[in-house]
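Throughout, residue positions are numbered sequentially from 1 according to the sequence presented. Just the heavy atoms: all of them, side chains too, but no hydrogens, waters or symmetry mates, feed the values below. Remember, it's 1-based here, ligands and their atoms both numbered in the order they're listed.
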Amino acid sequence: MPLPPPPNLLVFRAIRAIDPAVALDATVDVVIESGTITRIAPDASSSVLRADNAIVIEGRGLWLLPGLVEIHAHLREPGFEHKEDIATGLAAAAAGGYAHLCAMPNTSPVCDTPEAILRMLDRARSLGGPRLHPIAAVTSGLAGTDLTDLRALRDAGAVAFSDDGRCVMSGELLRRALLAARELDAPLIQHAEDHTMTVGTVMHEGAVSRRLGVRGWPREAEDGIVARDLEIAASTGGHYHLAHASTRGSVRLIRCALERGVSVTAEATPHHLLLTDAQVATSGALARVNPPLREGEDVEALRAALQDGTVSCVATDHAPHASEEKARGLLDAPAGMMGLELCLPLMMRLVEAGALRLERLIDALTVAPSRVIGIAAPSIRVGVRADLCLYDPQECWSAGRAGLRSKSRNTPFLDDTLRGRVRMCIADGVICFELAS
Ligand code: DOR
């Protein structure tokens, strides 16, 4: 990723700046000096525009948003660099407007030691760009039998614990992990899947799986785990975060638990919010994800939950896989969809359809995930380092023709016409992505 030196002076002139966290939605000038936001006001730039080192970006219909925060991505390094590596993963994140990204531990070897955490952090620091926050494994090797040394992992820099890709099936281990996570003030992120019910399954169990004649994984495989886990979360007081919620049952259970005061949050992905299991019939392996795409009523429940905050976060579950792997077909391809570079325009479809308020979407991509992992949320405020996403809400483009930064292309949205495009990303005061105009 090219790393230009921080411009001394960067000026966004007459731009629509939107940050619901500080009740900002106005056309203003935003001035950034040596990486820090120093002025936000109409005409704030008039005194600085004469400086010859100023980079000036005219608003002209563009939006300036806080840099986004990804709570769930797979960067594949070490072990699966043919799918993605830390450099291309962070470059894809920057191109998606992300200033922060959390990486899941299902690498090879698994990220289950302090040394593995430190290696990832070193690599990311040497690259610059979006800040990388490693998520450490809950159980050694994701094997589900022995807890990792959560304290040592936290001390090394892990922001959360998860066996994502696998479920922490043992209630006893989950209980101990939640107690430890509570002590360490870090969340436990669960991939809720009762593996005894999903062996050999490739999609949601329903009319479409029956028509295609393939084994489906039923909603109960998610709901049963979520119901049990919420009881354990309630009794331990540890913070439980549900990864990629996919069922109407999960939504109902989370809503109930929140009413009871349980410390719980949840995320939903753009694909679970936009697609149904019918997509598997048309896109085959490209629509194979874990948990699977569900039915219309699940999608409706997830959308309503995102709108009312029951599901507080939007996460991509960026899961890059090589084209040859997806070409093996529905039955043999690995599950997963890439998503970092497409998330914002895809989610804007819901805003444009009137199914989601823009402020809620921005919150779900900035403040809500930051709160779960305990970092200061990017914000458009005077005095903070600039973490910003410059977005053109009008530009129409197609990911397939755009030259994505990710190594992978595994998404059924590849040839869609997308409306809205990230034009620039600034992380920690530095421009880490800029679209050539
Ligand atoms: O579809 C998925 N792919 N879901 C997961 O939980 C894991 C991920 C992967 O690592 O490919």
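Less than 4.0 angstrom separates some heavy atom of H191 from each of these atoms of ligand 1: 6 (O). The atoms of ligand 1 that sit less than 4.0 Å from any heavy atom of D164 are 6 (O). Under a 4.0 Å criterion applied to the non-hydrogen atoms of G165, ligand 1 contributes the atoms 6 (O), 7 (C). Atoms of ligand 1 lying under 4.0 Å from at least one heavy atom of V289, given by number and element, are 1 (O). The contact set between ligand 1 and H321, taken as ligand atoms under 4.0 Å from a residue heavy atom, comprises 11 (O). Close approach of ligand 1 to G336 is summarised as follows: ligand atoms under 4.0 Å from at least one heavy atom of the residue are 1 (O), 2 (C), 3 (N). If you number the atoms of ligand 1 from 1 as listed, the ones under 4.0 Å from a heavy atom of A319 come out as 3 (N), 8 (C), 9 (C), 11 (O). Ligand 1 places these atoms under 4.0 Å from at least one heavy atom of H244: 6 (O).
Taking the six-membered ring for Trp, H72 and H244 have ring centres closer than 6.0 Å.
Side-chain contact annotation: S246 with H272, donor-acceptor N/O pair under 3.5 Å absent. Defined by atom type and a distance below 3.5 Å, a donor-acceptor pair is missing between the side-chain atoms of D317 and H271. With hydrogens and angles left out, the side-chain atoms of S250 and E222 include a donor and acceptor closer than 3.5 Å.
Distance NE2/H318 to CG/L342: 10.0 Å, rounded to 0.5 Å. Residue D112 holds its CG atom at 7.0 Å from OG1 of T148, rounded to the nearest 0.5 Å.
The aromatic rings of H100 and H133 lie parallel to each other, with less than 30° between the two planes, well short of the 60° mark.
Among protein heavy atoms, the minimum distance from atom 3 (N) of ligand 1 is reached at A335 O, 3.0 Å. At the shortest separation from atom 1 (O) of ligand 1 among protein heavy atoms lies N290 N, 2.9 Å. Annotation: atom 11 (O) of ligand 1 to nearest protein heavy atom, R76 NH2, 2.8 Å.
Classification of E325 and K83 as a salt-bridged pair holds, one side-chain N sitting under 4.0 Å from a carboxylate O.
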